[in-house]
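Here the structure is a predicted model, which is why all the values come from computation and not from measurement.
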Amino acid sequence: MAKDDRAEFAAETEAQAREMGGDDALMRQGVETLLAADRYRYSYLWTWMGVPIIQMPADIVATQEAIWRARPDVIIECGVARGGSVIFMASMLALLGQDGFVIGVDVDIRAHNRETIESHPMTSRIRLVEGSSIEPATVETVRAMIPEGARVMVILDSNHARDHVLAECRAYGSMVTPGSFLVIADTVLGHFDEAETPKQRSQVLYRGDEPLAARDAYLAETDAFEVDATLNGKLIMASSPGGYLLRR
């Protein structure tokens with residue numbers, strides 16, 4: 001009978017992921033490849049269950065791993081865009097086999113995007129909240145939607161300016177339950193110098209005014225979260241390296 005090597009394999013892959021996370025040269029190669037692919041709007045080319053997801057493949061897989069580990073009852077995503085991400089997360093909750101749902105928050109949920117979401121097979125697991133993610137009324141609306149005792153995961157993927165992301169961290173970080181994740185998206189912007197920063201965007205943000213800077217500021221003021229070294233270590237060719245924070 002073949003040896004059961006599952007634990008050994010898991011330990012080996014975890015060690016490799018952590019080691020890769022410290023390979024700055026490899027990270028730089030990944031950033032350069034992303035910059036080269038950006039002229040084709042690489043992150044815009046993907047769909048989930050027929051709906052544009054506007055994510056890097058590595059981040060989709062990493063988010064799947066985070067959901068499987070945390071097994072949340074509620075996932076809050078700030079930033080709905082075309083709807084692919086909330087549909088992806090709703091489908092993950094369905095695969096978990098529990099009665100979980102996703103709360104999608106956006107300052108402007110356009111009619112055609114709302115129609116896409118509300119006509120999708122995953123719509124029963126999605127709640128939409130229109131309003132600024134950092135307005136107190138919006139935050140309280142979201143908080144009131146969380147059932148008592150629910151396990152909660154949060155993903156911040158709306159306005160990526162530092163101060164906005166930091167305000168989101170402060171507003172939603174306390175909603176994340178121990179053993180679950182706060183995901184700060186688009187931290188890769190903190191790895192670009194000024195000349196490299198993508199300019200063909202509705203929001204052009206330079207190093208220091210982006211999500212990685214917000215992450216660092218938030219971690220400096222709270223000890224509730226830590227950067228998950230294993231999960232983040234795998235994130236080359238990704239939009240959110242270092243952005244997966246585990247609630248202690």
With a 3.5 Å distance limit and no angle check, can you tell me whether [X] reaches the backbone of [Y] through a side-chain donor-acceptor pair?
{"X": "Glu210", "Y": "Gly208", "value": "yes"}
{"X": "Ser180", "Y": "Ala70", "value": "no"}
{"X": "Asn232", "Y": "Tyr244", "value": "yes"}
{"X": "Arg215", "Y": "Gly242", "value": "yes"}
{"X": "Arg207", "Y": "Phe192", "value": "yes"}
{"X": "His191", "Y": "Pro241", "value": "no"}
{"X": "Gln55", "Y": "Ile60", "value": "no"}
{"X": "Asp59", "Y": "Ala238", "value": "no"}
{"X": "Tyr172", "Y": "Leu182", "value": "no"}
{"X": "Ser43", "Y": "Ile54", "value": "no"}

Look at atom [atom1] of [X] and say whether more than 12 heavy atoms of other residues, nucleotides or ligands are closer to it than 6.0 Å.
{"X": "Arg82", "atom1": "CZ", "value": "no"}
{"X": "Asp99", "atom1": "CG", "value": "no"}
{"X": "Arg248", "atom1": "CZ", "value": "yes"}
{"X": "Glu19", "atom1": "CD", "value": "no"}
{"X": "Arg28", "atom1": "CZ", "value": "yes"}

On a heavy-atom basis, which atom in [X] and which in [Y] lie closest, and how many Å separate them?
{"X": "Ser158", "Y": "Gln203", "value": "O-OE1, 4.5 Å"}
{"X": "Ile109", "Y": "Glu130", "value": "N-OE2, 2.8 Å"}
{"X": "Cys169", "Y": "Ile184", "value": "SG-CD1, 3.7 Å"}
{"X": "Asp106", "Y": "Ala81", "value": "OD2-N, 3.3 Å"}
{"X": "Val86", "Y": "Gly104", "value": "CG1-CA, 4.1 Å"}
{"X": "Val154", "Y": "Val152", "value": "CG2-CG1, 4.2 Å"}

Close side-chain approach of [X] to [Y], heavy-atom, < 4.5 Å:
{"X": "Gln29", "Y": "Ile236", "answer": "no"}
{"X": "Lys234", "Y": "Val61", "answer": "no"}
{"X": "Arg125", "Y": "Val102", "answer": "no"}
{"X": "Met153", "Y": "Thr63", "answer": "yes"}
{"X": "Phe181", "Y": "Val176", "answer": "no"}
{"X": "Met56", "Y": "Met237", "answer": "no"}
{"X": "Leu245", "Y": "Leu219", "answer": "yes"}
{"X": "Glu168", "Y": "His164", "answer": "yes"}

Stepwise side-chain contact (heavy atoms from CB on, under 4.5 Å) check, Ile146 with Ile76: CA-CA 10 Å; Ile146 301 172; Ile76 301 165; 4.0 Å; yes

Arg247 to Phe225 six-membered ring, cation-pi geometry met (6.0 Å, 45°): yes

Contacts under 3.5 angstrom, residues 89-97 side chains, donor-acceptor by atom type, not counting sequence neighbours:
unit_1 : atom_1 : unit_2 : atom_2 : d
Ser91  : OG     : Trp48  : NE1    : 3.0
Ser91  : OG     : Ile87  : O      : 3.4
Ser91  : OG     : Phe88  : O      : 2.6

Would a single hydrophobic cluster contain both [Y] and [X], if residues Ile, Leu, Val, Met, Phe, Trp and Tyr are joined by side-chain heavy-atom contacts under 4.5 Å?
{"X": "Trp68", "Y": "Ile53", "answer": "yes"}
{"X": "Ile75", "Y": "Met145", "answer": "no"}
{"X": "Leu231", "Y": "Met27", "answer": "yes"}
{"X": "Leu128", "Y": "Met175", "answer": "no"}
{"X": "Leu246", "Y": "Ile67", "answer": "yes"}

I need the [X] [atom1] to [Y] [atom2] distance, nearest 0.5 Å.
{"X": "Thr123", "Y": "Ile117", "atom1": "OG1", "atom2": "CD1", "answer": "8.0 Å"}
{"X": "Asp108", "Y": "Ser132", "atom1": "CG", "atom2": "OG", "answer": "12.0 Å"}
{"X": "His120", "Y": "Met49", "atom1": "NE2", "atom2": "CE", "answer": "4.5 Å"}
{"X": "Glu135", "Y": "Glu140", "atom1": "CD", "atom2": "CD", "answer": "12.0 Å"}
{"X": "Asp186", "Y": "Leu212", "atom1": "CG", "atom2": "CG", "answer": "11.0 Å"}
{"X": "Ile103", "Y": "Ile126", "atom1": "CD1", "atom2": "CD1", "answer": "12.0 Å"}

Verdict with reasoning, Val80 to Asn113, per side-chain contact (heavy atoms from CB on, under 4.5 Å): CA-CA 9 Å; Val80 172; Asn113 294 331; 5.8 Å; no

Could you tell me whether [X] and [Y] have a side-chain N and a carboxylate O separated by less than 4.0 Å?
{"X": "Asp5", "Y": "Lys3", "result": "no"}
{"X": "Arg162", "Y": "Asp209", "result": "no"}
{"X": "Arg69", "Y": "Glu65", "result": "no"}

